[in-house]
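Only heavy atoms go into these numbers, but all of them, side chains included; no hydrogens, no water, no symmetry mates.
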Amino acid sequence: MVIRGLVAGALAALLATTFAACAVEPAAAPGAEATTSSAAASSSASPSPSASPTPSPSAKPKPEPKPSPTSGPRLFGKGDSGDNVRDLQARLKQIGWFNAGVTGFYGNVTTEAVSGFQGKRGIAVTGFVDQTTLDRLHAMTREPTEAELTDAPPPVPSGKLDPRCLTGRVMCIDKSTSVLRWVVGGTVQLSVEVRFGSQELPTREGQFSVFAKSRDHVSSIYKTPMPFAMFFSGGQAVHYSPDFAANGYNGASHGCVNVRDYGAITSLYDQVNIGDGVVIYWS
């Protein structure tokens, strides 16, 4: 009985130990724990590598401002007139800076042209001509011809007289050559340059006759002077034009035949009579 009781007690103790071992999570092995702790300590103790600072870009030096060009002494400018101004205008016209008539007078148009040329070439913009401006202009242009200095149209071959001009007394006006010829009995008595109307207000073509004359006429429509007017078709007339004299072929009439030679138109007016013929044609 005593032996059986001892065996039963031993078996009960064994079972208790077994169920207790299944119920408790096994502890980590001491070696593993030491390794983990050591690694953690090492990780916390070792400093993390610091990032290299990014160098800031150095500021580029600002370019020094270019000094403004300075002008030289004034040679001639606004309000002046003469051959040197005429030469200046003709040269500026050669390179497209001056589009008005070559008059020899230094006005607002010439001042604007000179200022534009100076600004384009890096010269001090003054509107007047100094030596630098003159030298640069001469280097870019050629000696103006007589036609350029007088603003005459380019030379053209003389056209043939229209057959209608060969008899009687006729102002024979050729649009091809911009020339009016006063013809009496088939012989040319006088030739003079003329200007016509624009595309919007063209000078009529055909055969007409002078029906009225007015020495000091003023246009009732445009309020502009028409000296030595010889009317041949409605309000269209052959007459002297101050604008043609000043601006040449850089412009047009309102349909009339403009003459810029004052002496020639004075003589023509005194010779032409009411009823004389007018022929306007292309040769």
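Using cut-offs of 30° and 60° for the angle between ring planes, the Phe232 and Phe208 rings count as tilted.
Minimum heavy-atom separation, Tyr222 to Leu201: OH-CD1, 3.9 Å. Of all heavy-atom pairs between Met226 and Ser219, the closest is SD-CB, 3.7 Å. What you find for Ala90 and Leu149 is that their closest heavy atoms are CB-CD2, 4.0 Å. Closest approach of Gly72 to Phe128, counting heavy atoms only: O-CE1, 3.9 Å. Annotation for Ser71 and Thr126: closest pair CB-CG2, 3.7 Å, computed over non-hydrogen atoms. Among all heavy-atom pairs drawn from Pro69 and Ile123, the shortest one is CG-C, 4.1 Å.
For His217 and Phe231, the ring centers are positioned less than 6.0 Å apart. Between Phe117 and Phe98, the ring centre distance reaches or exceeds 6.0 Å.
Taking a cutoff of 4.0 Å between a charged side-chain nitrogen and a carboxylate oxygen, Glu148 and Arg142 qualify as a salt bridge. Salt bridge Asp174/Lys160: absent, no basic N to carboxylate O contact under 4.0 Å. Residues Arg215 and Asp270 are paired through a salt bridge, judged by an N-O separation under 4.0 Å between the basic side chain and the carboxylate.
Looking only at distances, no side-chain donor or acceptor of Gln207 sits under 3.5 Å from a matching main-chain atom of Gly277. Between the side chain of Gln189 and the backbone N or O of Thr187, at least one donor-acceptor pair lies under 3.5 Å. Using modelled atom types, one side-chain atom of Asn250 and one backbone atom of Ala100 make a donor-acceptor pair closer than 3.5 Å. For the pair Ser253 (side chain) and Gly197 (backbone), a donor-acceptor distance under 3.5 Å is present. Checking side-chain atoms of Gln118 against main-chain N and O of Gly127 turns up a donor-acceptor pair under 3.5 Å. Judged by distance alone, with hydrogens and angles left aside, the side-chain atoms of Arg195 form no donor-acceptor pair with the main-chain N or O of Val259 at under 3.5 Å.
A side-chain donor from one of Gln89 and Thr110 sits under 3.5 Å from a side-chain acceptor of the other. Neither side chain, Glu193 nor Ser178, offers a donor N or O lying under 3.5 Å from an acceptor on the other. For the residue pair Thr150 / Glu146, no side-chain donor-acceptor distance below 3.5 Å is found, with atom types taken as modelled. No hydrogens or angles considered: nothing links the side chains of Asn108 and Thr111 as a donor-acceptor pair under 3.5 Å.
Figure legend: Lys175 and Phe196 shown as a cation-pi pair, the cationic atom lying under 6.0 angstrom from the six-membered ring centre and within 45 degrees of its axis.
Between Met230 and Leu268 there is a side-chain heavy-atom pair separated by less than 4.5 Å. The shortest distance between side-chain heavy atoms of Thr132 and Arg136 does not fall below 4.5 Å. Contact check for Phe228 versus Val238: no side-chain heavy atoms found under the 4.5 Å cut-off.
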Salt bridge (Lys or Arg N to Asp or Glu O under 4.0 Å) assessment of Asp80 paired with Arg74:
CA-CA 12 Å; Asp80 293 332; Arg74 179 186 186 276; 3.2 Å; yes
May I have the step-by-step check of side chain to side chain contact (heavy atoms under 4.5 Å, CB included) for Glu205 and Tyr281, ending in yes or no?
CA-CA 6 Å; Glu205 299 164 15; Tyr281 68 105; over 6 Å; no
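In the displayed structure, Tyr262 atom OH is contacted under 6.0 Å by at most 12 heavy atoms of other residues, nucleotides or ligands. A 6.0 Å sphere centred on CG of Asn273 holds more than 12 heavy atoms belonging to other residues, nucleotides or ligands.
In this structure, the salt bridge (Lys or Arg N to Asp or Glu O under 4.0 Å) partners of Lys93, at least two apart in sequence or on a different chain, are Asp151.
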